[in-house]
Protein chains: 2
Amino acid sequence: MTQTDDHPLSRPASQAQRAVHDRIAHDLGIAIVGGRYQPGDILPGEERYSAEQGVSRTAYREAVRVLSAKGLVHSRTKSGTRINDRLRWNMLDLDVLAWMFEAGPTQEFLRDIFELRIVVEPAAAQFAALRRDGQDISRMGHALEEMRRFGLQTSEGRAADQSFHRQILLATRNESLITLATSVTAVVAWTTRFARDARKESRDPMPDHDAVFDAIMRGEGEEARLKMLTLIRNASGDAGML
Amino acid sequence: MTQTDDHPLSRPASQAQRAVHDRIAHDLGIAIVGGRYQPGDILPGEERYSAEQGVSRTAYREAVRVLSAKGLVHSRTKSGTRINDRLRWNMLDLDVLAWMFEAGPTQEFLRDIFELRIVVEPAAAQFAALRRDGQDISRMGHALEEMRRFGLQTSEGRAADQSFHRQILLATRNESLITLATSVTAVVAWTTRFARDARKESRDPMPDHDAVFDAIMRGEGEEARLKMLTLIRNASGDAGML
DNA sequence: CTGCCATATTTGGTATGAGAAAAAACAGAT
DNA sequence: ATCTGTTTTTTCTCATACCAAATATGGCAG
């Protein structure tokens, strides 16, 4: 759970090797965010589910606790475990986002996340420009070097790209902003990985990146914000969003 | 869990009536975000904790599942349950935020959240101005009426204030933005509830609110953003932040 | 029809044990 | 002595059984 190691879509929806309660939470989570259960519906009871799926009540209960912690459901004795209203869902939780993505993301979902990105990342760049130190700058510079060397067609290049954005985040010195942006960029990464094959010729991303880096290095907050905005707009345009 | 019914600080840190696993998660959660356990530390084992605290291993395990779902810890056989690095924590989870607040919020924490608010709420107002419908406007108008009638000294007035902001959020039609802003405004509300007594004469909040409402009603996105920014800056100034 | 109460159902909690996985301790060879 | 491979031990993981508490449901009386 909450591992960011590999791509959530590379897993064929049903895998061994994972903890039982984790698999249950995963299955139920996808069923919920995918709409197979609607808000107000009640999940199968402990007895029933454990019997049908051949797992223990304990494992099922632990899975429900996880879903409950993420705001997807709430349990009450006798009435059962109900799906919460969507407004209660923790939409920014990494697992919830992954489940949404696996369940087949709706257009509204993707639009929401990209809008959030346009709100958050430029703001992050602005804060980063005001608070970065020498180490931040050298790390960003190194990431851009690697990115330029390998290009976005290679996995090394993409890793460098993500590292650059990550360094900007860390330089904001704002933990809540980091948490938020981590979730947002995860979804963006999953999305662009799909869009990659579909698109033909993408523009050279380096000038945009250099401009952002330059503004952050010079401590120009407002300029960093604007440059990041154009970077995102261009990238999103390439990825077919917007 | 995740109930927004009453103020988290009104509970005297130890309460009956709540589910056992919930109380455990609450206790451990506060201990973790409060720094009594540091990232890398390991929690007491199942056997030990259940023996010392007089609860069952099962209850303890369910509590750990909750903390794990919020990114605070991760369990592995033999090595035990470790506190995650802060970057893994789901800082925007309502419970995590509540625990931070209960544990005694640091200045950095409050600064982070207020910065996030300044990023998020103006953006929300902007989206709301572009997407609101007649019903949104009438609800916002009604909230402002009530707010004007009761004033911010009464609980009705404050409820109306929160309702106004909530209506703006809902009008964005962006669920991830709503989730995010819900967490942020919760912290802001807890904070201002404290600052309330300390401050003497607060400025009249109505002109700022009217300006935001007016811009949203007229569909002026950029203006709504700016007016909301002023509203927040003024309110934060009154509350002693910034 | 209305209000009250008994009952059945469902989650909540406890106790306990077998099992797997991984770290740590250990032993043997070079 | 150090490195390597094996064994031991610790700790989480999953399972089963049983009881408690809460509450939705339906029956019964007025």
Side-chain angles (χ1 to χ4, degrees), chain A residues 1-3 5 14-29 32 37 39-84 88 95, chain B residues 1-3 5 14-29 32 37 39-84 88 95:
Chain A
M1 182 83 32
T2 61
Q3 287 300 58
D5 39 12
S14 175
Q15 53 287 110
Q17 198 66 348
R18 235 159 105 208
V20 174
H21 65 84
D22 212 67
R23 184 182 55 74
I24 300 175
H26 183 258
D27 290 349
L28 289 177
I32 292 172
Y37 294 105
D41 289 357
I42 58 179
L43 290 180
E46 297 177 356
E47 207 77 55
R48 222 189 94 204
Y49 189 94
S50 56
E52 287 177 0
Q53 301 291 322
V55 297
S56 70
R57 269 185 65 200
T58 310
Y60 177 76
R61 282 178 55 76
E62 289 183 8
V64 169
R65 287 282 88 79
V66 170
L67 298 178
S68 171
K70 296 179 186 303
L72 297 187
V73 304
H74 70 275
S75 300
R76 270 178 37 207
T77 49
K78 175 59 185 178
S79 51
T81 302
R82 282 201 139 73
I83 314 296
N84 278 336
R88 292 252 163 115
D95 294 311
Chain B
M1 181 80 34
T2 62
Q3 286 300 58
D5 38 12
S14 174
Q15 53 286 109
Q17 200 65 350
R18 235 161 102 209
V20 174
H21 67 259
D22 213 66
R23 182 182 55 74
I24 300 174
H26 182 259
D27 290 349
L28 289 177
I32 293 171
Y37 294 106
D41 289 357
I42 57 178
L43 291 179
E46 296 180 0
E47 207 76 56
R48 222 188 94 202
Y49 189 95
S50 58
E52 287 178 1
Q53 301 291 322
V55 296
S56 69
R57 280 172 50 203
T58 310
Y60 176 76
R61 282 181 54 74
E62 291 184 6
V64 170
R65 285 282 90 79
V66 171
L67 299 178
S68 171
K70 297 179 186 303
L72 297 187
V73 303
H74 68 112
S75 301
R76 269 175 40 202
T77 38
K78 173 61 185 175
S79 62
T81 305
R82 281 200 141 74
I83 314 295
N84 278 336
R88 293 252 163 122
D95 294 312

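In what follows, every chain begins at residue 1, and chains take the letters A, B, ... in the order their sequences are listed. Heavy atoms only: backbone and side chains are in, while hydrogens, waters and symmetry mates are out.
B:Ser79 OG to B:Ile42 CD1: the interatomic distance, rounded to the nearest 0.5 Å, is 8.0 Å. Rounding to the nearest 0.5 Å gives a distance of 9.0 Å between OG of B:Ser75 and CG of B:Leu67. A:Asp22 CG to A:Asp27 CG: the interatomic distance, rounded to the nearest 0.5 Å, is 10.0 Å. The structure places OG of A:Ser68 at 14.0 Å from CZ of B:Arg65, a figure rounded to the nearest 0.5 Å.
Taking atom NE2 of B:His74 as the reference point, atom P of D:dT11 lies 16 Å away to the nearest angstrom. What separates CZ of B:Arg23 from P of C:dG12 is a distance of 16 Å, to the nearest Å. The CZ-P distance, from B:Arg65 to C:dG12, rounds to 16 Å in whole Å. A straight line from CD of B:Glu62 to P of C:dG12 spans 8 Å, rounded to a whole angstrom. Regarding A:Ile24, its CD1 atom lies at a distance of 13 Å from the P atom of D:dT13, rounded to whole Å. Rounded to whole angstrom, the span from the CD1 atom of A:Ile42 across to the C1' atom of D:dT23 amounts to 13 Å. Spacing between atom OH of B:Tyr60 and atom P of D:dT11 amounts to 12 Å, rounded to whole angstrom units. Rounded to an integer number of Å, the gap from CZ of B:Arg61 to C1' of C:dT16 is 14 Å.
The ring pair (Phe, Tyr, Trp, His ring centres under 6.0 Å) contacts involving residues 61-82 of chain A comprise nothing, where partners must be two or more places apart or lie in separate chains. Listed by first then second residue, pairs satisfying salt bridge (charged side-chain N to carboxylate O under 4.0 Å, His left out) with a partner in residues 71-82 of chain B number zero, not counting sequence neighbours.
Nearest heavy atom pair, residue A:Ala25 against residue A:Ala63, reads N-CB, 3.7 Å. The minimum heavy-atom distance linking A:Gly71 with A:Asn84 is given by the pair O-ND2, 2.9 Å. Heavy atoms only, all atoms of each residue included: A:Val66 and B:Ala69 are closest at CG1-CB, 3.8 Å. Of all heavy-atom pairs spanning A:Val73 and A:Ile32, the tightest one is CG1-CD1, 3.7 Å.
In this structure the side chain of A:Leu72 never reaches within 4.5 angstrom of the side chain of A:Tyr37, judged on heavy atoms. B:Leu43 places a side-chain heavy atom less than 4.5 Å from the side chain of B:Ile83.
Comparing the end axes of the helix from C:dC1-D:dG30 to C:dT30-D:dA1, each fitted to five base pairs by superposing C1' atoms of four pairs onto the next four, gives an inter-axis angle of 0° (nearest 10 degrees).
Applying a 4.0 Å cut-off to non-hydrogen atoms, the residues of residues 43-53 of chain A that approach DNA chain C are A:Gly45, A:Glu46, listed by residue number.
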Protein N or O to nucleotides 17-20 of chain D N or O, pairs below 3.5 Å:
from: D:dC18; atom 1: N4; to: A:Arg57; atom 2: NH1; distance (Å): 3.1

Taking only N/O atoms, report every protein-nucleotides 23-26 of chain C pair under 3.5 Å with atom names and distance.
from: C:dA23; atom 1: OP1; to: B:Arg76; atom 2: NH2; distance (Å): 2.4

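One finds a side-chain N or O of A:His21 lying less than 4.0 angstrom from the OP1 or OP2 phosphate oxygen of D:dC14.
Checked against side chain to side chain donor-acceptor pair (under 3.5 Å), A:Thr58 has no partners two or more places apart in sequence or in another chain.
Of the listed nucleotides (D:dA15, C:dG12, C:dG13), C:dG13 has the atom at the smallest distance from the side chain of B:Ser56.
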Donor-acceptor contacts under 3.5 Å from residues 45-54 of chain B side chains, at least two apart:
from: B:Glu46; atom 1: OE1; to: B:Arg57; atom 2: NE; distance (Å): 3.3
from: B:Glu46; atom 1: OE2; to: B:Arg61; atom 2: NH1; distance (Å): 2.6
from: B:Arg48; atom 1: NE; to: B:Glu52; atom 2: OE2; distance (Å): 3.1
from: B:Ser50; atom 1: OG; to: B:Glu46; atom 2: O; distance (Å): 2.7
from: B:Ser50; atom 1: OG; to: B:Glu47; atom 2: O; distance (Å): 3.0

